[in-house]
Each structure stands twice: as structure tokens, then as C-alpha cells.
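For reference, positions follow the sequence shown, starting with 1. Order of appearance sets the numbers: ligands from 1, and atoms from 1 within every ligand.
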Amino acid sequence: MPKGIYILGIETSCDETSVAVVKDGRQILSNVIASQVDWHQRFGGVVPEIASRKHVELINPALKEAIDQAGIKWSDLDGVAVTYGPGLVGALLIGISAAKAVALKLNIPLLKVNHLLGHIYANFLTGVEIELPVVCLTVSGGHTNLLYFSDLSDYQVLGRTRDDAAGEAFDKIARVLGLNYPGGPEIEKLAREGDELAITFPKPLLDQDDYDFSFSGLKTAVLNYINQFHQKDLTLPIADLAASFQRTIVDILIARLLKAVSKKKVKNVILSGGVAANGRLRELLSEQLTRRQVGLHYPPPILCTDNGAMIASMGYFLYQRGQFSTLELNAVPNLRL
Ligand code: KG4
Ligand code: ZN
């Protein structure tokens with residue numbers, strides 16, 4: 001095997017069991033993603049107990065498949081990176097145990113990755129060089145954060161959500177509308193048939209002089225709107241509602257990002273997390289940034305949702321800096337940025 005640095009990445013923080021091999025932090029050799037989404041869909045969200053059991057079943061086959069698909073031998077690995085938080089404790093522990101076993105058996109460094117930073121590093125797997133400093137928006141089912149990276153190892157949290165995450169709002173409203181989990185893609189699909197300017201919803205905190213987000217007031221406003229229709233036995237304009245709700249979230253995210261771009265004077269913006277897959281967000285943001293001659297970067301859809309490759313990519317940069325974890329590593333379910 002030609003030399004390079006080969007990092008195994010393991011991700012089990014939620015409902016995907018994923019293992020990947022990444023060469024030199026940027027080249028994906030394999031990225032096995034065993035999704036459990038069908039198992040959770042019938043309950044309208046992730047059931048922690050089911051997630052843990054499924055990870056136990058899936059982790060060993062995923063490890064083997066990742067090595068086979070990469071066309072390498074176990075002994076070619078230089079390090080093993082694993083998500084240690086945030087996430088479901090039982091789910092995280094399966095990945096951490098597997099990673100420790102690999103590190104111990106092969107006598108290679110264990111690298112601990114914050115899942116949220118992992119999502120950001122997915123941007124370095126696209127083959128495009130991104131010039132720093134950057135402003136980065138991480139929007140997932142559990143988190144909404146606005147960050148400033150002066151270089152790859154040094155970041156500052158500019159703002160975060162004070163209540164619900166953007167993805168959580170998508171999921172909750174989708175559930176009330178009788179759509180499948182995860183709700184984001186379902187709402188996006190439905191929104192294409194609706195008028196996004198049909199209904200005006202509140203945009204909390206936008207008048208405040210910071211970078212924080214709030215989505216719970218919006219969620220309540222949408223729920224009230226739906227209830228009014230139900231009470232009067234009227235047909236809900238479901239496509240208009242989906243489109244207007246999506247547009248409101250997108251407007252809030254873009255307003256915060258643009259403020260950060262102009263204050264921090266960056267030339268590039270990075271999106272990460274499941275909600276970054278939203279086509280309307282990308283479209284409207286891209287229009288705004290092009291006007292300002294600022295570059296927009298986001299991973300392809302498969303790297304936007306949870307995957308082992310992003311964990312391996314960040315693991316590579318930790319490896320380069322010699323930031324190894326001890327084998328005492330434990331899960332930190334509420335880990336923050
Ligand atoms: O990052 P992720 O895969 O998992 C974590 O939460 O860490 O993000 C999942 C979230 C879910 O809330 C899902 O509804 C949302 O990302 N999502 C989307 C889209 N695709 C996934 N939200 C809006 N539009 C989408 N196309
Ligand atoms: Zn995630």
C-alpha cells in the first residue's frame with residue numbers, strides 16, 4: 001500500500017452506524033453507512049434503546065466492510081477516530097468501545113472527535129481548497145451554531161440556539177403534519193408545491209444585536225396556525241404552510257450568517273449538518289453571497305448527514321497535531337462546541 005496517513009473513522013452518535021477509511025484527511029477510500037432510519041420512522045423519531053441495539057448488531061460488519069471497500073489491510077491504519085459526543089450515551093459507547101478495541105489491537109492512536117466539528121470537517125472531503133478564515137453554520141437535528149474559524153484548530157462560537165435546533169423544528173412540524181421522520185427532507189419536498197410567501201411567521205431574535213437563534217416561538221406559531229384550521233374543520237393549505245415555514249427558518253439562518261460575514265469580513269462560508277442539505281437554504285444563501293463575492297461551501301448530501309468519513313477527516317488533523325486520546329475515553333452526551 002503506497003504510504004499516506006490512513007485514518008479509520010467511526011460514527012455511532014445517533015441512528016447511523018458508519019465506518020470510513022480516509023487517506024490524508026481528504027480522500028475517502030470507503031464510507032459505509034448503515035442507516036437505522038426505517039427502524040425509528042415508525043416511532044416518529046429516534047428511540048435510544050433501539051439505536052443502541054442496532055449499533056451493536058451493525059458495528060462489526062460495518063468495520064469489516066469499510067476495510068474491504070478501502071482495499072487496505074487493518075495493519076495499514078495509522079489511527080482510529082471516533083465520535084465521543086454529543087449524542088445518545090448508549091449509542092456513543094458502542095462506537096467508542098469498537099474504536100478502543102481497534103486502537104489497542106493495532107497499537108495505533110485513538111483520536112476523539114466532537115461530532116459537531118466532524119460535520120464541519122466534512123467540507124474538507126470535497127476536493128476543494130477552502131481559504132480561511134471562514135464563518136461556519138452548523139445546523140442539525142440537535143444543534144444550531146454559528147462559528148468563526150481563524151484556522152483549523154482555532155474557532156470561536158459566535159452564536160447558538162437558545163431553545164430548539166433548526167432540524168428539530170423541521171422534525172416537530174413534519175410530525176404534526178403527519179409526515180415521515182426525518183422531517184426536513186419531507187418538508188422540503190412538500191414546499192416545492194407551495195407558496196413560500198403565503199403565510200407570515202415570526203422571526204424571533206432577529207432584531208437583537210447578537211448571533212443567537214430561537215426557533216421555539218416559530219414552532220408555536222406554526223402549531224397555532226394548524227390548530228386554528230383543525231378547530232374550524234377547514235382544509236389546511238399544507239404545501240403553503242410547509243413552504244412558508246421552511247422559508248422562515250431559511251431567512252433566520254441567512255440573516256445571522258450575513259451579519260457574521262460582514263462583521264468578520266470573511267471570504268468563505270461553510271455549511272454543515274443535516275439541515276445544510278436543504279436546497280432552498282443553499283439557493284437563497286448562494287444568491288446573497290455571490291452578490292458579496294463570498295464563496296459558499298457545503299458537503300454533498302451524503303456527507304451532510306452523519307457519516308464516518310467526516311470523523312476520520314477531523315481525526316487526521318488531530319493525528320497531525322499529535323492530539324491523541326487516552327484509552328480511558330468516555331462518552332460525553334452533552335458535549336458542546
Ligand atoms: O446532522 P444530522 O444528520 O444529525 C444530527 O442531528 O446530528 O441532521 C439531521 C437533521 C434532522 O433534523 C433532519 O430533519 C434535518 O437534519 N434535515 C433537513 C434536510 N435533510 C435533513 N432539514 C431541512 N432540509 C433538508 N433537506
Ligand atoms: Zn450529525
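When heavy-atom distances to ligand 1 are checked against a 4.0 Å cut-off, His143 has no atom that comes that close, whether in backbone or side chain.
Inspection of the Thr83 and Glu11 side chains reveals an N or O donor paired with an N or O acceptor under 3.5 Å.
The shortest N or O to N or O distance between Thr305 and ligand 1 is not below 3.5 Å. By the 3.5 Å distance cut-off applied to N or O atoms, Gly273 is not counted among the residues near ligand 1.
For the pair Arg282 and Tyr298, the cation-pi test (distance below 6.0 Å, angle within 45°) is passed.
Relative to atom 11 (C) of ligand 1, the option among Ile249, Leu116, Asp171 with the closest non-hydrogen atom is Asp171. With distances taken over non-hydrogen atoms, the option nearest atom 19 (C) of ligand 1 out of Gly274, Pro182, Gly87, Gly279 is Gly274.
Put simply, the side chain of Phe149 reaches to within 4.5 Å of the side chain of Leu117, judged on heavy atoms. The shortest side-chain heavy-atom distance between Leu271 and Val139 does not fall under the 4.5 Å cut-off. Thr138 has its side chain within reach of Cys136: a pair of non-hydrogen atoms, C-beta onward, lies under 4.5 Å apart.
Legend: protein N/O/S atoms lying under 2.8 Å from the Zn ion (ligand 2), waters omitted, number 3.
Ion pairing of Lys3 with Asp76 is absent here, as no side-chain N (NZ or NE/NH1/NH2) approaches a carboxylate O to less than 4.0 Å. The pair Arg247-Asp240 does not meet the salt-bridge criterion, since no charged nitrogen lies less than 4.0 angstrom from a carboxylate oxygen.
In Glu283, the CD atom is crowded: over 12 heavy atoms of neighbouring residues, nucleotides or ligands sit closer than 6.0 Å.
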